[in-house]
Amino acid sequence: MGDSYREIARDARRAVREGPEAIAQRQRARLAEIVTYARARSPYYRELYRDLPDNVDDPALLPVTDKKLLMSRFDDWVTDREVTEERVQAFVADPDLVGHRFLGRYMVATTSGTSGLRGLFILDERAMAVHSAIGSRAGGGLGAGDVIRVLTHAGRTAIVTAPGGHFSTVASAAWFRRERPLTGRILRVFSINQPLPDLVAELNRYKPASLTGFLSMLTLLAREQEAGRLHIHPAMVIAGGETATPESLELITTAFGANVRAAYAATECGFLSFGCAHGWYHVNSDWAVAEPVDADHRPVPPGEPSHTVLVSNLANRVQPILRYDLGDSVVLRPDPCPCGSLLPAIRVQGRAADLLTFPTGGGEDVGISPMLFGTLLDRAPGVERFQLVQTAPATLRVRLQPANGADADRVWQTVRAEITHLLTEHKVTDITLERAEEAPQQSPGGKFRRIIPLARA
């Protein structure tokens, strides 16, 4: 992977220096190349694209795909005839094979199925090289003091996640430890499936230079840092896996005194974007395509929330992800980002599937974005964590974890009043708010979904 990685890294840096047209040219060429490759080697895509022109460099010409559709045609979807769903299932059933090469040449990652369907994803060496190379391009923004902190802590990276299973964060870390020992030896995975005091003690001993994890867990760790129980000084904190709000990022920034970036990616395209200091995600559009669209998959103008976003991974040939419905509502920035990046900037509003829909007195339904609940409750005093579970059209079950020392009854009264006010503003009345006895729950993969609508409850 060495030479390939260096070439890709050099080209990635050169692309942003050359400007938007050079980036767009690379995107068009790489899209045309992977579409041609998919048609030649994937029975599924050969059938799907049979009526398309020979050379396609415009993603809008491609039919839309999604996880359910592709997983149902797994063996026809992949471009390597030795890769079969049966073989992959057998591979991921063995936890000792996490991060090992499947068939001697591929990395395998799974999704936890929080969206209702478990995904099996195969990544070839080029996709892994692009992921690593683009990651180095996104690593800018550290000042001289930050660099000193990184060097002082020997560049150690702590990845706080759910171990076990072939989830992307764990499998990728294991892969890089095996494939790039010099880099991999400074990566360490810390389990979230342990008591918080034990996790805090482990991090205190490790003293990471950078800290990566799900936003909800990093928020808990930020509060531990504020309380004086955690005392680490990372130069960089990368929050991913869940929709970030300005309040949550500000909390983490203040607690650690670090550069904080929110990452927006998916197992299907792990290098999709990188976060900037102004709270926007910049799409790596020389290697990926992100199309904000409405419910009919028509383009949504910049500045307006999309129904979903269609993603194309231009690097991974073995399992082409092309015009893939990721299910997230995003907004494309209409003007240049103050950070100076020339790459397209988006902000994630939340998963379209996480939209909470309530009946109104007039007989119509009203949808409320999960971002509104997050922004509201992130600044509510005494709330460590929350989870809203819609158990019936007009019933919302509220799971709360109060902050240390907070009065649980008072926190509940505050949260109930805030949610009631938000619902009233949207003309939603006669909603039952239930106070749950159980604490907020995480998915098996470690992702914490704060909003669980009726269909998934």
Side-chain angles (χ1 to χ4, degrees), residues 24 27-28 30-79 85 111 113-123 127 264-273 281 283-285 287-302 304-332 344 346 348-355 367 453 455-456:
Q27 183 187 86
R28 290 192 297 269
R30 288 166 180 161
L31 177 64
E33 184 272 333
I34 199 167
V35 168
T36 299
Y37 189 91
R39 294 171 94 164
R41 296 173 180 259
S42 163
Y44 170 76
Y45 279 113
R46 187 159 51 245
E47 174 187 329
L48 187 66
Y49 295 167
R50 63 182 180 272
D51 296 326
L52 295 182
D54 290 339
N55 187 62
V56 176
D57 63 2
D58 179 0
L61 297 177
L62 302 177
V64 174
T65 62
D66 59 36
K67 181 162 58 172
K68 182 177 180 180
L69 186 61
L70 294 176
M71 286 300 302
S72 70
R73 297 283 304 275
F74 188 94
D75 290 357
D76 290 333
W77 168 24
V78 294
T79 60
E85 184 176 7
T111 57
T114 54
S115 61
L117 178 66
R118 186 190 193 205
L120 299 173
F121 296 99
I122 320 299
L123 293 92
Y264 174 56
T267 305
E268 295 89 334
C269 189
F271 52 82
L272 179 59
S273 72
Y281 300 111
V283 179
N284 290 303
S285 54
W287 281 104
V289 184
E291 303 172 72
V293 295
D294 63 18
D296 296 317
H297 301 138
R298 295 173 302 196
V300 170
E304 295 184 12
S306 72
H307 174 75
T308 187
V309 61
L310 306 179
V311 169
S312 296
N313 178 331
L314 307 183
N316 193 32
R317 291 191 183 111
V318 66
Q319 196 182 39
I321 300 287
L322 297 169
R323 251 193 147 213
Y324 179 95
D325 189 340
L326 203 54
D328 292 332
S329 173
V330 304
V331 172
L332 178 64
I346 60 174
V348 183
Q349 303 297 293
R351 288 188 60 82
D354 285 349
L355 190 74
R456 196 180 294 144

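In this chain, numbering begins with 1 at the start of the sequence shown. All values below come from the heavy atoms of this structure, side chains included, with hydrogens, waters and symmetry mates left out.
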Considering only distance and modelled atom types, tabulate donor-acceptor pairs under 3.5 Å from the side chains of residues 313-322, sequence neighbours left out.
| from | atom 1 | to | atom 2 | distance (Å) |
| --- | --- | --- | --- | --- |
| N313 | OD1 | A315 | N | 2.9 |
| N313 | OD1 | N316 | N | 3.1 |
| N313 | ND2 | E268 | O | 3.1 |
| N316 | OD1 | D124 | N | 3.0 |
| N316 | ND2 | I122 | O | 2.8 |
| R317 | NE | E33 | OE2 | 3.0 |
| R317 | NH2 | E33 | OE2 | 3.2 |
| Q319 | OE1 | I122 | N | 2.7 |
| Q319 | NE2 | L120 | O | 3.1 |

Problem - Validation row: V293, S306 side chains within 4.5 angstrom (heavy atoms) - result: no
Handout entry: Spacing of NE2 belonging to H297 relative to CD belonging to E291, to within rounding of 0.5 Å
Key = 10.0 Å
Handout entry: Stepwise side chain to side chain contact (heavy atoms under 4.5 Å, CB included) check, L31 with L62
Key = CA-CA 11 Å; L31 177 64; L62 302 177; 4.2 Å; yes
Practice task
Quick one: pull up OH in Y45 and OG1 in T36 and give me the separation to the nearest 0.5 Å.
Solution key: 13.5 Å
Exercise for the section: Please name the pair of heavy atoms, one in A265 and one in G270, separated by the smallest distance, quoted to 0.1 Å. Expected result: CB-O, 3.4 Å
Handout entry: P302: side chain to side chain contact (heavy atoms under 4.5 Å, CB included) partners, not counting sequence neighbours
Key = L332, P334
Exercise for the section: Find out whether V35 and L52 are in side-chain contact, i.e. whether some heavy atom of one side chain is under 4.5 Å from a heavy atom of the other. Expected result: no
Fill in the blank from the handout: Rounded to the nearest 0.5 angstrom, the CG-CG distance for L69 and D66 is 5.5 Å
Handout entry: Under 3.5 Å: donor-acceptor pair, side chain of S42, backbone of T79
Key = no
Fill in the blank from the handout: Output for pair (T308 OG1, D328 CG), nearest 0.5 Å, gives 6.5 Å
Completion exercise
Between the CG atom in L272 and the OG atom in S312, the distance rounded to the nearest 0.5 Å is 10.0 Å
Problem - D296 and R298 ion-paired at < 4.0 Å - result: yes
Problem - Expected output: side-chain Q27 to main-chain A288 donor-acceptor under 3.5 Å - result: yes
Exercise for the section: May I ask you to test the P63-Y49 pair for a side-chain heavy-atom distance under 4.5 Å? Expected result: yes
Practice task
Check whether any side-chain N or O of N55 sits under 3.5 Å from a backbone N or O of A32 as a donor-acceptor pair, and report yes or no.
Solution key: no
Practice task
Answer whether the closest heavy-atom distance between the side chains of V56 and R39 falls below 4.5 Å.
Solution key: yes
Practice task
Could I get the full list of salt bridge (Lys or Arg N to Asp or Glu O under 4.0 Å) partners for D76, not counting sequence neighbours?
Solution key: R73
Exercise for the section: Working to the nearest 0.5 Å, report the span between SG of C269 and CZ of F121. Expected result: 11.5 Å
Practice task
Keeping the roles fixed (side chain from R46, backbone from A40), state whether a donor-acceptor pair exists under 3.5 Å.
Solution key: yes
Fill in the blank from the handout: Nearest heavy-atom approach of T111 to G119 is OG1-N, 2.7 Å
Handout entry: Aromatic plane relationship, Y264 with Y281 - under 30° parallel, 30 to 60° tilted, over 60° perpendicular
Key = tilted
Exercise for the section: Would you mind reporting whether T65 and W77 have side-chain heavy atoms less than 4.5 Å apart? Expected result: no
